[in-house]
2 protein chains.
Amino acid sequence: MTDPAERHEIALLLRRLTVELDAVGSRFASVHGLNRTDVRALVAIMDAARRGEALTAGQLGEAVDLRSASVTALVDRLEKVGHVRRERDPEDRRRVSLQLSESAMAAGGEHFGGLARDLVAAMGTYSDDELAVVRRFLTEMTDVIMRHSRADEPPS
Amino acid sequence: MTDPAERHEIALLLRRLTVELDAVGSRFASVHGLNRTDVRALVAIMDAARRGEALTAGQLGEAVDLRSASVTALVDRLEKVGHVRRERDPEDRRRVSLQLSESAMAAGGEHFGGLARDLVAAMGTYSDDELAVVRRFLTEMTDVIMRHSRADEPPS
DNA sequence: CCTAATCTCTCGATGTTCGAGATTGTTGGT
DNA sequence: ACCAACAATCTCGAACATCGAGAGATTAGG
């Protein structure tokens, strides 16, 4: 078995990667005149769209951990720069469903899609077996991390 | 070679991991009554301490990307709750070097040290060869990511 | 020494977030 | 059909984080 110091160093590599990935979001934010929260919100909306769903204001607030007052301000900002549209849900007219604009999808696609493309390309030098190891590693480490962030939450 | 869809899914796993790791920091923040920036600052100071260095106010600002006015406020906050001490650098008395308090090191060690321990333990099920693959993967992906966050910065 | 550069801090302005409560819409019991 | 309870979003005012400009103290270089 690899010695603990080496394993600890891999944990540090993991954290370093997350710092750099965070910087990508930061960069997207500054290029498009947004703040960190706005980017997290756009990503959440884009993720939902990729699943074929449209987030409501409330769901967005849960995704980015903001109170309703802040979500209203957040959506106001995104709407003002033309990245999202508010649309009353016809099923339940209390709800506001959030639709991404073309410009937002284009901007997001260029920035994050480009990164995804490069990452996928960089994985081209790995064999099937190696990628299987990587996949297991990422999954298992994520599980360990999740146990820490959810440690002693009030049982729902 | 693994098909692109599978590789793309691994990229998503990578992002998911970073989201969860972020949640760990968020949790530490809320438990200790700090905001995200404060946590990033504490981590930066702890990292420096681990390297045997003491950050100055300016270096901290660079590490967390804040202007000097905000760094002053940030250190004020951390000092008020007793996590850091300001100490005039005797070599250059314009500088303020930041010292972590015992309480901050204890709190940080418990929270992040515990996570690191669990991560290292979870790596125990991997062979040397497998961890070598993981290491190469993390390093190469970080490089790709860095190229995106530093894309067209003004050449220093 | 005298000037320019460096490091931190102060001040005022702007923007983000929150808590409390109002508004609008839905649901279920009678 | 009505009314009460609940739900989703929004408005308002206060608290706080960040910034730009510039002041004060210190160092480095002629």
Side-chain angles (χ1 to χ4, degrees), chain A residues 22-23 25-45 48 53-81 83-99 156, chain B residues 22 25-27 29-45 48 53-81 83-99 156:
Chain A
D22 213 59
S26 239
R27 179 172 172 70
F28 178 80
S30 91
V31 165
H32 289 82
L34 304 169
N35 61 39
R36 271 190 162 72
T37 302
D38 297 354
V39 175
R40 297 210 312 153
L42 281 178
V43 168
I45 299 174
E53 302 167 21
L55 286 187
T56 65
Q59 291 169 332
L60 175 59
E62 203 161 329
V64 300
D65 196 39
L66 286 181
R67 306 301 125 219
S68 77
S70 312
V71 173
T72 299
L74 162 59
V75 176
D76 283 350
R77 292 194 299 272
L78 294 179
E79 200 171 35
K80 175 171 295 187
V81 298
H83 284 342
V84 303
R85 267 194 329 279
R86 271 184 242 243
E87 244 171 51
R88 281 285 161 191
D89 184 335
E91 305 277 323
D92 182 342
R93 312 223 333 285
R94 291 170 301 182
R95 289 187 191 152
V96 165
S97 93
L98 304 171
Q99 308 291 332
S156 58
Chain B
D22 213 59
S26 235
R27 179 173 173 69
S30 93
V31 165
H32 289 83
L34 305 170
N35 60 39
R36 272 190 163 73
T37 301
D38 297 354
V39 174
R40 298 210 311 153
L42 281 178
V43 168
I45 299 174
E53 303 168 20
L55 287 187
T56 65
Q59 291 169 331
L60 175 60
E62 202 162 331
V64 299
D65 196 38
L66 286 181
R67 307 298 125 222
S68 77
S70 312
V71 173
T72 299
L74 162 60
V75 176
D76 282 350
R77 291 195 299 271
L78 294 179
E79 199 171 36
K80 175 172 294 187
V81 298
H83 284 341
V84 304
R85 268 194 329 279
R86 271 185 242 243
E87 244 172 50
R88 281 284 162 193
D89 184 335
E91 306 277 322
D92 181 342
R93 311 220 336 284
R94 291 169 302 182
R95 290 186 192 161
V96 165
S97 93
L98 305 170
Q99 309 291 332
S156 59

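Sequence lines set the chain letters: A, B, ... in the order given, protein chains first and strands last, and positions in each chain run from 1.
Distance CZ (A:R86) to C1' (D:dT9): 9 Å, rounded to an integer number of Å. One atom, CG of A:D76, and another, P of C:dT14, lie 19 Å apart when rounded to the nearest Å. Spacing between atom CG of B:L74 and atom P of D:dC16 amounts to 16 Å, rounded to whole angstrom units. The distance between atom CG of A:D38 and atom C1' of D:dT18, rounded to the nearest whole Å, is 15 Å. Taking atom CZ of B:R93 as the reference point, atom P of C:dC9 lies 14 Å away to the nearest angstrom. In this structure, B:K80 atom NZ and D:dA17 atom C1' are separated by 14 Å, rounded to whole Å. With rounding to whole Å, A:N35 atom CG is found 11 Å from D:dT18 atom C1'. Atom pair A:D89:CG and C:dT24:C1' shows a separation of 14 Å (rounding to whole Å applied).
A:R88 has no side-chain polar atom (N or O) that falls below the 4.0 Å cut-off from OP1 or OP2 of C:dT26.
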### Task
List the steps, then state whether side-chain contact (heavy atoms from CB on, under 4.5 Å) holds for A:E87 with A:V96.
CA-CA 5 Å; A:E87 244 171 51; A:V96 165; over 6 Å; no

### Message
For a side-chain contact (heavy atoms from CB on, under 4.5 Å) check, start with the C-alpha distance between A:L60 and A:L98, then their side-chain angles and the critical distance, and finish with the verdict.
### Response
CA-CA 9 Å; A:L60 175 59; A:L98 304 171; 3.6 Å; yes

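Interface residues of residues 56-70 of chain A facing DNA chain D, ordered by number: A:T56, A:A57, A:G58, A:S68, A:A69; criterion, heavy-atom separation under 4.0 Å.
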Would you list the protein and nucleotides 2-6 of chain C atom pairs, both N or O, that sit under 3.5 Å from each other?
unit_1	atom_1	unit_2	atom_2	d
C:dT6	O4'	B:R94	NH1	3.3
C:dT6	O2	B:R94	NH1	2.7

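A donor-acceptor pair under 3.5 Å links the side-chain atoms of B:R40 to the main chain of B:V64, judged by distance alone. In terms of modelled atom types and a separation under 3.5 Å, the side chain of B:R88 and the main chain of B:R94 share a donor-acceptor contact. Checked by atom type and distance alone, the side chain of A:E79 never pairs as donor or acceptor with a backbone atom of A:D76 at under 3.5 Å.
Within 6.0 Å of CD in A:E53 there are more than 12 heavy atoms belonging to other residues, nucleotides or ligands. By the neighbour-count criterion of 12 heavy atoms within 6.0 Å, atom CD of B:Q99 is densely surrounded, having more than that number from other residues, nucleotides or ligands.
Nearest nucleotide to the B:T72 side chain, out of D:dT9, C:dT17, C:dT10: C:dT10.
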